[in-house]
Visitor: 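Sending over a structure as structure tokens; questions will come in a sec.
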Amino acid sequence: MPASAPKELSAPQRAMARLGLVRDIDLALHLPMRYEDETRLDALADAREGDTLQVEVTVAECRVEFRPRRQLVVRTTDDAGEVLVLRFLNFYPSQQKALAAGTRVRVRGELRGGFLGREMVHPALKPASAPLPTTLTPVYPTSAPLPQAYLRKAIASALQRAPLHELLPADSLPRELLSLKDAVLFLHQPPRGTPLAALEDRSHPAWQRLKFDELLAQQLSQLSAQRERARLKAPVLRAKPRGGLRERLLAALPFALTAAQRRVAEEIAADLAAGTPMHRLLQGDVGSGKTVVAALAATIAIDAGWQCALMAPTEILAEQHFRKLVLWLEPLGVQVAWLTGSRKGKGRREQLALVESGAAGLVVGTHAVIQQDVVFAKLGLAVVDEQHRFGVAQRLALREKLEASALEPHLLMMSATPIPRTLAMTYYADLAVSTIDELPPGRTPVVTKLFAEDKRDAVIARIRDEVAQGKQVYWVCPLVEESEAIELRDATATHQQLTAALPGAMVGLLHGRMAAGEKQAVMSLFTDGTMQVLVATTVIEVGVDVPNASLMVIEHAERFGLAQLHQLRGRVGRGAVASVCVLLYTPPLSPPARDRLRAMSETTDGFEIARRDLEIRGPGEFMGARQSGDALLRFADLQDTTLIARARAAAERLLAAHPQAAAAHVERWLASRVDYLKA
Ligand code: ADP
Ligand code: MG
């Protein structure tokens, strides 16, 4: 595997391995992100500052100057007599010699206006006698230890050897596509005069072929994973017909399930009873009530004599689940174990023993639940909350845990950030989806308002009004930990300011550095209505449920992600009172920040928020793939809807009629990446 490449490789070779560039074919499929046009010479007279150009000039004077740093300053003129100064801040004596007066050189760089007239800083140099290339010069995606020039050579040489013959039978390909070989060679070396726009926006026919092949590989691997999974065995988990845990939990709940909750609970129950591993995503907006659906699934597993593990991405979220599940399940005789990174020593060993002996029917925690020393007696069902917030490495670890036993456990993923349809088709073709499309009754939509920081006083006046009417208010500040570094107004200062501005009101403070007991004390004062205003860092992202809270102020809203803002806003509007969410921001806003705030003010629909989030951030980051440095799709993107649909259809035809060609195609595209795609 790339990560454990042997030591004797050179630094650039190791960097190539890390990028998945191992075989000739990997290099051949590593395509340029853009091009430089070195096929033409430009005229200085026609160029403007900011242009990147290539010109031939004659050196008039070359000397080392100190202004203020030591630097090499080369005065040159082109054939038309236009002056160009070249400036080098780092240089070798040999360069100085090569630029002696009278020498004719070809330089390429960005034109700037300088103190002495137009200049280029550190231009690329070539002898004027070198022939002009006939093809555009590719610029490849690379990483620091891998110089562009090294990569270019490696790719050019791999192209001579890489097997680029057609693997796919002609009848399985859309007819108008170029051959793979023609497309690849073209993209690495487009001939002079090829319009750059069609290359850069990837609409050129050569790109269409590459995107199709990439999407096809992905669809094939997902379809075959789906088929493989269908052959695997999982425990058959069925609810007891009468007097079982599930029935008793339903009877004990203080509310009736919504129709949507009943429907998705049935879909899950059917999967659990089927004998093949469930692989299902449960999506539903913030507050739609996913936890109880997970608890119902857990009761089925536990009743059937199996264990259930429930994982959340943060300790705070995990703790919230733990509390609720203990409350619901312990009265029914289910023991719930608790595993997080912060729990160590004896406490941890006790919990591990509960898991290993099987005494704990349910295990709740963070990714600590899938660490190596955690041994389940009989894991039948794993539930992962907010699964997209787990990194790729954690998702792989979970996979390994799931694969450890003879019978595969069932897997239920939950997300408040629904996966848009195109994304579901590309990345999650292999996933069944259940959607809770209805909120529990009695909630009122939240009105969202944007205010610049200079309206802070007006916002505080508004808080005064709410408090006077007996309502409660949240004020959310960004994390205390980060505030030093990025100069955020910290929660303590805000707390003081509000305390001073709201005499007679009780203003509390809640932040991540408080001990659990302290947090609990503050929380219960707010929950029972004694405290009117709660200043908090994002710890209240957890589902505190205070229906009387009618106003939420989010300070520095421009620093939050869209999904997080949506989650936070979900803390108000839980009762019958009309609620308001104020997003307080500090201008100037970056364009993505402006888009996020606009999205928040325009909609409260979690699906629409997710769609906008995807638009603003792009799929890689959306999926948490950013952390792994490994983009899931390199060439195609979610706008390629027609190609996605065609690749999907072609994948099904190929698997049915030409399974060997299908396997060879996947091998060609994904052999170095397959782990990530499975995650
Ligand atoms: P999420 O889907 O965001 O995880 P939760 O599971 O935390 O939502 O549920 C939000 C709140 O709604 C919780 O207090 C939960 O107990 C409550 N709840 C869940 N289902 C219902 C229902 N059918 N009727 C009323 N309240 C419900
Ligand atoms: Mg939840």
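Just follow the structure's listing: the first ligand is 1, and inside any ligand the first atom is 1. Throughout, residue positions are numbered sequentially from 1 according to the sequence presented.
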Visitor: Can you tell me if Ser288 contacts ligand 1 (heavy atom of the residue under 4.0 Å from the ligand)?
Guide: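 So Ser288 counts as touching ligand 1.
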Visitor: Of all the atoms in ligand 1, which lie at a distance below 4.0 Å from a heavy atom belonging to Thr291?
Guide: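 Counting from 1, the qualifying ligand atoms are 4 (O), 5 (P), 6 (O), 7 (O).
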Visitor: Check this for me - ligand 1, Gly289, N or O atoms closer than 3.5 angstrom, yes or no?
Guide: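 Yes.
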Visitor: Is there side-chain contact between Phe376 and Val369, with heavy atoms separated by less than 4.5 Å?
Guide: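 Answer yes - side chains close enough.
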Visitor: Can you spot which of Val374, Leu310, Leu379, Val355 makes a side-chain contact (heavy atoms from CB on, under 4.5 Å) with Val363?
Guide: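 Going through Val374, Leu310, Leu379, Val355 one by one, the side-chain contact (heavy atoms from CB on, under 4.5 Å) with Val363 is satisfied by Val355 alone.
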Visitor: Looking at non-hydrogen atoms alone, which of Ser415, Pro254, Gly606, Pro440 comes nearest to atom 25 (C) of ligand 1?
Guide: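 Comparing heavy atoms across Ser415, Pro254, Gly606, Pro440, the nearest one to atom 25 (C) of ligand 1 lies in Pro440.
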Visitor: Under 4.0 Å, counting heavy atoms only: does Gly570 come that close to any atom of ligand 1?
Guide: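 Per 4.0 Å heavy-atom rule, Gly570 does not contact ligand 1.
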Visitor: Report, in ascending order of atom number, the atoms of ligand 1 lying under 4.0 Å from any heavy atom of Ala256.
Guide: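 In order of number, 22 (C), 23 (N), 24 (N).
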Visitor: Would you say Phe255 has any N or O atom under 3.5 Å from an N or O of ligand 1, going by distance alone?
Guide: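 In this structure, Phe255 places no N or O atom under 3.5 Å from an N or O of ligand 1.
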Visitor: Just which atoms of ligand 1 are under 4.0 Å from any heavy atom in Lys324?
Guide: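 Those qualifying, in numeric order: 13 (C), 14 (O), 15 (C), 16 (O).
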Visitor: Would you please name every residue forming a salt bridge (Lys or Arg N to Asp or Glu O under 4.0 Å) with Asp595, sequence neighbours left out?
Guide: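 Salt bridge (Lys or Arg N to Asp or Glu O under 4.0 Å) list for Asp595, sorted by chain: empty.
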Visitor: Salt bridge or not for Asp303 and Arg248, using N-O below 4.0 Å?
Guide: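 Looking at Arg248 together with Asp303, the answer is no, because their closest N to O distance does not fall below 4.0 Å.
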Visitor: Suppose I only count heavy atoms of Gly287 and a 4.0 Å limit; which atoms of ligand 1 are within that range?
Guide: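 So the answer, numbered in order with elements, is 1 (P), 2 (O), 3 (O), 8 (O), 10 (C).
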Visitor: Considering only heavy atoms, does Asp285 approach ligand 1 within less than 4.0 Å through its side chain, its backbone, both, or neither?
Guide: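 Just the backbone.
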Visitor: Using a 4.0 Å cut-off to any heavy atom of Leu257, which atoms of ligand 1 qualify?
Guide: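 Counting from 1, the qualifying ligand atoms are 23 (N).
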Visitor: For atom 2 (O) of ligand 1, which of Lys290, His321, Glu438 has the closest heavy atom?
Guide: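 It is Lys290 whose heavy atom sits nearest to atom 2 (O) of ligand 1.
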Visitor: Among Gln472, Glu466, Gln469, find the one that has a side-chain hydrogen bond (donor to acceptor under 3.5 Å, both in side chains) with Ser550.
Guide: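 Filter result, single survivor: Glu466.
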Visitor: Is any side-chain heavy atom of Thr291 less than 4.5 Å from a side-chain heavy atom of Trp328?
Guide: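 A side-chain contact under 4.5 Å exists here.
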Visitor: Enumerate the atoms of ligand 1 whose separation from the nearest heavy atom of Thr258 is less than 4.0 angstrom.
Guide: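 Every atom of ligand 1 under 4.0 Å from some heavy atom of Thr258: 23 (N).
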Visitor: Is Arg262 salt-bridged to Glu266, going by a charged N under 4.0 Å from an acidic O?
Guide: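 No, no charged N to carboxylate O under 4.0 Å.
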Visitor: State, yes or no, whether a side-chain contact exists between Val546 and Tyr474 at a heavy-atom distance under 4.5 Å.
Guide: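 Counting from C-beta outward, Val546 and Tyr474 do come under 4.5 Å.
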Visitor: Is the shortest side-chain heavy-atom distance between Val336 and Phe322 below 4.5 Å?
Guide: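 Yes, close enough: below the 4.5 Å cut-off.
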